[in-house]
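Below is one structure; the comments refer to it alone.
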2 protein chains.
Amino acid sequence: MEISTQEVEQRVSGFKEACRKAGVKLTHQRLEIFREMAQTVDHPDAESVYNSVRERVPTVSMDTVYRTLWMLNDLGLVKTLGQAHERTRFDANLKRHHHFVCVRCGLTRDFYSDELDELDVRAATRDVGQVVSTLVEVHGVCNECAQKEKKGL
Amino acid sequence: MEISTQEVEQRVSGFKEACRKAGVKLTHQRLEIFREMAQTVDHPDAESVYNSVRERVPTVSMDTVYRTLWMLNDLGLVKTLGQAHERTRFDANLKRHHHFVCVRCGLTRDFYSDELDELDVRAATRDVGQVVSTLVEVHGVCNECAQKEKKGL
DNA sequence: CTATTTGCAAATAATTTGCAGTGCG
DNA sequence: CGCACTGCAAATTATTTGCAAATAG
């Protein structure tokens, strides 16, 4: 369940390389924030990262954590869980369904599939817990955004 | 793509019934907020619901929309997209993976499955757009929460 | 050296809450 | 009629931003 020191150092090397390539400065704060992300299997929020990093870098500030996490996101080194910057959205469809989410505009459409409804993930998740329900989330480009793109952005 | 008037009215009837059963008052505002949710295939946020409902009920306020949406959520008539009340969370795992989310505590763990990696959802989503990637999101109860429950809450 | 980056404090955005009046059952 | 519900305005929470001082390359 833990991530090996070796794996962490490998990721850290990759980060240093990425900073050089992108021309961003490798500060103490950034390094420790990245290290924190690299060594956890959790999917922490900014505050959780802040609390952990503060133990090692007591003067770090919350806004540096946010700025660094978004920078890592821009560099493709972290992703957000769910859509970034999104407000709470509500879903009144009580039928069993799956979601298609447009990566450009955020449009979310339900779709149906007997095959996906029957997926059995119990074996793959046995170590984590008991399955209640399973949803497939497809990320893609919706037809409307594809149209716009064809017409030159 | 639209929801038939008949289907909407059926859902509205179910809502009235649910209100009676739960002993909550059926106000004009609640009815129109529910109707708005029942007749859209979007997954609107509170503001979007507010704007639509306001055309029919000009005096409705944003906080009534929020209160009603959460009430509908409590009654099981709507769900939220993603985890409710969550802050932005970050994920540093760049390997292909899927997510197990505990419905009790929100713990999110990655898991791996060649079978799930190979799912082909193109047929089911053809009408909506072009697939970029596919992620399976499993909702369940993590081992730790299952333990707690066994010991009596 | 000097352009970036940081920490602070203040701003913004989304959502929630207290309260006095309103209306459903 | 009474208590749950509403709208308002103010509070709260998460996140972002402007700016002067600090620092990586």
Side-chain angles (χ1 to χ4, degrees), chain A residues 12 15-37 43-51 53-75 77-78 80-90 106, chain B residues 12 15-37 43-51 53-75 77-78 80-90 106:
Chain A
V12 169
F15 169 59
K16 291 180 178 173
E17 176 63 21
C19 284
R20 219 171 303 127
K21 207 172 279 179
V24 299
K25 292 183 175 176
L26 185 65
T27 64
H28 183 45
Q29 291 89 327
R30 283 175 175 173
L31 187 60
E32 292 307 319
I33 291 166
F34 179 80
R35 191 189 301 280
E36 185 56 33
M37 289 303 297
H43 298 92
D45 58 28
E47 186 168 33
S48 167
V49 173
Y50 173 61
N51 288 331
V53 169
R54 201 152 47 138
E55 289 173 17
R56 288 172 275 139
V57 188
T59 63
V60 77
S61 65
M62 193 65 180
D63 53 76
T64 296
V65 172
Y66 273 110
R67 282 189 282 227
T68 301
L69 289 171
W70 289 121
M71 188 260 285
L72 292 172
N73 184 65
D74 291 344
L75 294 180
L77 296 174
V78 307
T80 57
L81 237 52
Q83 291 280 108
H85 297 114
E86 262 222 328
R87 320 129 168 239
T88 308
R89 288 167 62 174
F90 298 84
Chain B
V12 168
F15 168 59
K16 291 180 179 172
E17 176 63 21
C19 284
R20 218 171 304 129
K21 206 172 279 179
V24 298
K25 292 185 176 175
L26 183 65
T27 64
H28 183 44
Q29 292 89 327
R30 284 175 174 173
L31 187 60
E32 291 307 319
I33 291 166
F34 179 80
R35 190 189 301 280
E36 185 55 33
M37 290 302 297
H43 299 91
D45 57 28
E47 187 170 30
S48 166
V49 173
Y50 174 61
N51 288 330
V53 170
R54 202 152 46 137
E55 290 174 15
R56 286 173 274 140
V57 188
T59 63
V60 77
S61 66
M62 193 67 180
D63 53 75
T64 296
V65 172
Y66 273 109
R67 281 189 283 226
T68 302
L69 289 171
W70 289 121
M71 187 261 284
L72 293 172
N73 183 64
D74 292 344
L75 294 181
L77 296 175
V78 307
T80 57
L81 237 53
Q83 291 281 107
H85 297 115
E86 262 222 328
R87 327 140 161 224
T88 308
R89 289 168 62 174
F90 298 84

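Proteins come first, then strands; the chains are lettered A, B, ... in the order of their sequence lines, and each starts at number 1.
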Which word best sums up how the rings of B/F34 and B/F15 line up, parallel for under 30°, tilted for 30 to 60°, or perpendicular for over 60°?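 Plane angle under 30°, so parallel.
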
Looking at [options], which one has an atom nearest to any side-chain atom of [X]?
X     : options                : value
A/L26 : D/dG25, D/dT15, C/dT17 : D/dG25
A/R67 : C/dT16, D/dT6, D/dT17  : D/dT17
B/V60 : C/dT16, D/dG7, C/dT5   : D/dG7
B/S61 : D/dC8, D/dT17, C/dT5   : D/dC8
B/Q29 : D/dG7, C/dT5, C/dG7    : D/dG7
A/K25 : D/dG25, C/dA9, D/dC5   : D/dG25
A/R30 : C/dT6, D/dT16, D/dC8   : C/dT6

Please give, in whole Å, the distance from [N] [atom2] to [X] [atom1]?
X     : N      : atom1 : atom2 : result
A/E86 : D/dT15 : CD    : P     : 14 Å
B/D63 : D/dA11 : CG    : P     : 15 Å
B/Y50 : C/dT16 : OH    : C1'   : 16 Å
A/R87 : D/dT16 : CZ    : C1'   : 15 Å
A/L69 : D/dA14 : CG    : C1'   : 14 Å
B/Q83 : D/dA14 : CD    : P     : 16 Å
B/M62 : D/dA11 : CE    : C1'   : 16 Å
A/D45 : D/dA14 : CG    : P     : 9 Å

Indicate, yes or no, whether a donor-acceptor pair under 3.5 Å links the base of C/dG25 to the side chain of B/R20.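 No pair found.
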
Side chain to side chain contact (heavy atoms under 4.5 Å, CB included) between B/H28 and B/E32, intermediate numbers included: CA-CA 6 Å; B/H28 183 44; B/E32 291 307 319; 4.0 Å; yes

Less than 4.0 angstrom between a side-chain N/O of [X] and OP1 or OP2 of [N], yes or no?
X     : N      : result
B/T59 : D/dG7  : yes
A/H85 : D/dT16 : yes
B/W70 : C/dT15 : no

Does [X] reach the main-chain N or O of [Y] with its side chain, forming a donor-acceptor pair under 3.5 Å?
X     : Y     : result
A/R89 : B/H43 : yes
A/R30 : A/K25 : yes
B/T64 : B/V60 : no

B/R89 or A/T27, whichever maps to the more 5' nucleotide of DNA chain D: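 With B/R89 and A/T27 compared, the 5'-side residue is B/R89.
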
